[in-house]
Structure formats: structure tokens, C-alpha cells
Protein chains: 2
Amino acid sequence: MAVIDRKKLILEAAAKSFSLYGYKATTMDQVAKLANVGKGTIYTFFKTKEELFEEIINSLIAEIRYEVESVMNESASVLENVNRVLSRVHVFRESHQLTIKLIQEERDMGTQTVIEAMQRVEQSIIQYMKGIIQKAIDKGEIKTCNPEVTAFVMLKMYFSLVNDWQRNHPPLKKEEIAKLFELYLLKGLLT
Amino acid sequence: MAVIDRKKLILEAAAKSFSLYGYKATTMDQVAKLANVGKGTIYTFFKTKEELFEEIINSLIAEIRYEVESVMNESASVLENVNRVLSRVHVFRESHQLTIKLIQEERDMGTQTVIEAMQRVEQSIIQYMKGIIQKAIDKGEIKTCNPEVTAFVMLKMYFSLVNDWQRNHPPLKKEEIAKLFELYLLKGLLT
DNA sequence: AAATGACCAATTTAGTATTTTAGTCAGTCG
DNA sequence: CGACTGACTAAAATACTAAATTGGTCATTT
């Protein structure tokens, strides 16, 4: 199309700025300048800065979902799939500019808007895993259980192992984490 | 004894003040006044404010260990004991003035000294649970596994379930948590 | 010798001036 | 006409500074 898609320009500029400077340090003037657009134009598409940010987070969630779907394999076992999904999420979080910046802002400044956004991202991952687990239950691959609690526990355990454990210990390799998941969650500790 | 035990007075005053106002808002003048002692006297027993605080945390750790030991039962199963210990730790954290205040200060102000102290408390709980798990392994009650990672995973899972889960869901009852522990960690999900 | 509190340097806080920013809207331009 | 703009404003954040507080010391007292 001949006319410029201003909304798209704004979203691209905002994504770039949030990735580079985080939520707080990104100004609407900056986004307008980056998008080559008058500031008022932003407000014809987005009611507030927060709404603009939420749209960016929606894209982020979609991107993660796409990434995760690309490694899923219907015919593989639950364990295999859960490990692939979590590992992919983890790699994504550590390589994607926007998530890196937001995790940092959440930790260092505790910006409320950012905290809420990251929780929304986490929730969406849990919802996605919930689906995987429900399928495994239906197939009879694993025991009947609350799929949401199970997804929640898996995500928390994964992030504990990759983030918190290395605060006091050498980091665990990907295969080690997979082994731990298998032992704790699937086989169980009982002899 | 006829002479007043000034060190004890200081420790009691400090414990009271830290419980009431937290670490940052407690001043050495205040502790001195509360203990009916000259400020200089504090410095004959403790090099710095931080050292005084660390002694208080040591008492806290000892107190938790005592609480935990009182509910342990050598002849009960690992599951039973782990659940008792974690539940006791949780109840303690929610009822003990000092821990309440410090958890709050950690969350709201992010005081570095407090963050480090709470991590030390957590570490000591993990070390204690490590012992329980090692015994269960020796008895052949559970599979061979790294007892420290196992203790770590158990504590993290417990705190996730009692603290994070209720951010978006109705809180889980103590028996529900026990059931989840049994399912996820002991029996495993595999059919 | 043990204990004290006035004292000091350094940090924190409170108060205020200045700047920045989210959001608006009268006016421009295609 | 209507999409678009950027100067404008009220509110919020920041920078600055003076005043107060605090951790720690040490000469003096008990």
C-alpha cells in the first residue's frame, strides 16, 4: 500500500525503544521521533503509554508461543516436550533483547507495570503448558492431575533450577535439569 | 549473677527493635536506649551494626531449627517429615515478628543486608532438610539422589505453592499441598 | 577496667527549584 | 475535510541543597 502504516511504525519504534531502554526510560517523544510520527498520532492508536506497552507484550507472548510451537513434537513424550518447551523459553528469555531489559528493570527498579507484564507472560506460558499436560493425561501417558497446578510447578521448578540454584552453586547443564525433571516429577523419589 | 549481662540486654533490645522497625529503621542509639546502655558499650561486643544483626539472625536460625526439630519424628516417613518441617517453617515465618518484618523489608525496600540474611536463613533450612533426605536415602526409603538439590527443589516448590500460587488462585490447603508433594516428588506422574 | 555519651564524618532526609514527560488540542496541510 | 502534527500544560520526576540523623570513636567518668 502507498500510504504509510503509521500504527506499524509506532509499534516497531516502541518495541525498539522498550528493548533498548526499558519501560520507564522510554518516552513518548522518543517513540514518536523514532517512528517519524507526531506524538499526537500515537494517541490516535493507543490510549496511554501503558496500552502501547501492553500491545508490545502481546506480540512478545505471540513470539514466545511461536518459538515454543516450533520445538513441540506431537509424537514425542511429555517429558521430552516439557523439557523442550522450558528450555526454549529459557533460551529465549536470555537472548531476546526486550525480555533481557524487562527482567533487568523488574529486578533493579521494580517498575510495577513491568512486574505485571512479566506475570502476564508467565501466565501465558503456564496456560500453554497446561494444554500439553492435559493432552498427556488424555493419552494416559501420565496420571490424572490438575494440569494447571502441574504446569505451574514445572515452570517454577525449572526457573528455580536455572536461576536460583546458581546463586550458590555451579550452574546445572541442560541434560542435568532434564534428568532432575525426570526423577522428581515423572518417576518420583520412592523406591 | 549480680552484674548485669549487658551483651544479653543489647541482643534483646536489638531483637525487639529489628522486629518492630526492621533493619534500616533501627538505629544504634535506639538499641542503646532500649537496652539501658551507653552506645559505646554496644561496640565492645559487636564491631558493627551489621555484626549485631547477624547475631540476631543466628538466633533466628537456631530458633527455627528448634521449632523444626520439635515436629520431626524419626520413625515417620520422609514425606511426613518433609511436610511437617516445611509446614512448620511456613507457619513460623508467618507468625514470627522478626521474619514478618524482614520479609516485608526485603520485598518493599530491597535492603541488601536483609536480602543476604534471608538467604542465609533459607540456606540453613536447606542444609537441615538435606540431612533428613540423606537419612531417607541411607534407609533405602527413597532413591539415590543429590540430597542438596532435592532439598532445594522441595523448599522452592513449597514456597511457590504457598506464596506464588495464591497470587492468581485461591490458596491451597495444607493437605492439598501434602498431596501435591506426594504426587509430584514421591510417586511421580508416570502411569 | 568497664562503661559512657559528646562528638564527628558521612550518609540520609526534607524541602524546593528545575526539568521532564504523558497526554491534549488548536491549528496545519494534503 | 480529516488525518496528522507539535507547541502547550499539568503533573510527575529529578537535581540540588540545607538540615538532620546515624554509625562509629574515644576522651572522660565511674
Side-chain angles (χ1 to χ4, degrees), chain A residues 1-57 101 105-106 108-117, chain B residues 1-57 101 105-106 108-117:
Chain A
M1 45 178 137
V3 290
I4 314 150
D5 186 346
R6 286 185 161 73
K7 186 172 182 182
K8 197 178 161 192
L9 285 178
I10 291 166
L11 282 170
E12 280 166 0
K16 189 169 192 173
S17 186
F18 287 136
S19 297
L20 242 44
Y21 312 111
Y23 177 77
K24 261 204 74 179
T26 287
T27 70
M28 295 304 258
D29 277 305
Q30 202 172 24
V31 173
K33 192 163 281 178
L34 251 174
N36 270 105
V37 142
K39 188 159 62 149
T41 309
I42 300 178
Y43 287 90
T44 64
F45 296 112
F46 308 97
K47 269 214 297 294
T48 63
K49 180 184 179 184
E50 211 161 324
E51 195 177 296
L52 172 58
F53 183 58
E54 266 158 36
E55 286 252 351
I56 301 288
I57 295 296
K101 201 72 204 173
E105 187 170 346
E106 190 183 18
D108 298 349
M109 324 180 52
T111 316
Q112 194 54 37
T113 307
V114 173
I115 293 175
E116 277 157 26
Chain B
M1 45 180 138
V3 290
I4 313 150
D5 186 347
R6 286 184 162 76
K7 185 171 183 183
K8 198 179 161 192
L9 284 178
I10 292 166
L11 282 169
E12 278 165 2
K16 190 169 191 173
S17 186
F18 286 137
S19 297
L20 241 44
Y21 312 110
Y23 176 77
K24 260 205 76 177
T26 287
T27 70
M28 296 303 260
D29 278 304
Q30 203 172 24
V31 173
K33 192 162 282 178
L34 253 173
N36 270 106
V37 141
K39 188 159 62 151
T41 309
I42 300 178
Y43 288 88
T44 64
F45 296 112
F46 308 97
K47 268 213 299 293
T48 63
K49 180 183 179 184
E50 212 161 323
E51 195 176 297
L52 172 59
F53 183 58
E54 266 159 35
E55 286 253 351
I56 301 288
I57 294 297
K101 202 72 203 175
E105 186 170 347
E106 189 182 18
D108 299 349
M109 323 180 54
T111 316
Q112 193 54 37
T113 307
V114 173
I115 292 175
E116 277 158 24

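Throughout, a chain's letter reflects where its sequence line sits, starting with A, and its residues are numbered from 1.
When distances run from any side-chain atom of Arg6(B) to the nucleotides dT5(D), dT4(C), dG23(D), the shortest one goes to dT4(C). Of all nucleotides listed (dC8(D), dG23(D), dA13(D)), dC8(D) comes nearest to the side chain of Lys39(A). The Val37(A) side chain lies nearest to dT5(D) when the options are dT24(C), dT25(D), dT5(D).
Taking all atoms of both residues into account, the shortest heavy-atom contact from Ala15(A) to Ile56(A) is N-CD1, 3.7 Å. Heavy-atom minimum distance, Val31(B) versus Ser17(B): CG2-CB, 4.5 Å.
To the nearest angstrom, P of dG23(C) lies 17 Å from CZ of Phe45(A). When rounded to the nearest whole Å, the span between CZ of Phe46(B) and C1' of dT25(D) equals 18 Å. For Met28(B) and dA9(C), the CE to C1' distance is 17 Å, given to the nearest whole Å. In this entry the distance linking CG of Leu9(B) with C1' of dA3(C) reads 13 Å, nearest Å. Note: CD (Glu50(A)) to P (dT21(C)) measures 18 Å, nearest angstrom. Taking atom CG of residue Asp5(B) and atom P of nucleotide dA2(C), one finds them 14 Å apart after rounding to whole Å. Between the C1' atom of dA13(D) and the OH atom of Tyr21(A) lies a distance of 19 Å, rounded to the nearest Å. In this structure, the CG atom of Asp29(B) is 14 Å from the P atom of dC7(C), given to the nearest Å.
Considering only heavy atoms from C-beta on, Lys101(B) stays 4.5 Å or farther from Leu20(B) through its side chain.
Along DNA chain D, the nucleotide nearest Thr41(B) and the nucleotide nearest Lys24(A) are compared for position; the residue whose nucleotide lies closer to the 5' end is Lys24(A). Comparing Lys47(A) and Ile42(B) by the nucleotide of DNA chain C whose heavy atom lies nearest to each, the residue mapping closer to the 5' end is Ile42(B).
Under a 3.5 Å cut-off, the side chain of Gln30(B) and the backbone N or O of Thr27(B) do form a donor-acceptor pair.
Residue contacts for Thr48(B): at a heavy-atom cut-off of 4.0 Å it reaches the sugar-phosphate backbone alone, with no base atom in range.
Here the straight-line distance linking atom CD of Glu50(A) with atom OG1 of Thr113(A) works out to 4.0 Å at 0.5 Å rounding.
Between dT21(C) and Thr27(A), no contact under 4.0 Å exists linking OP1 or OP2 to a side-chain N or O.
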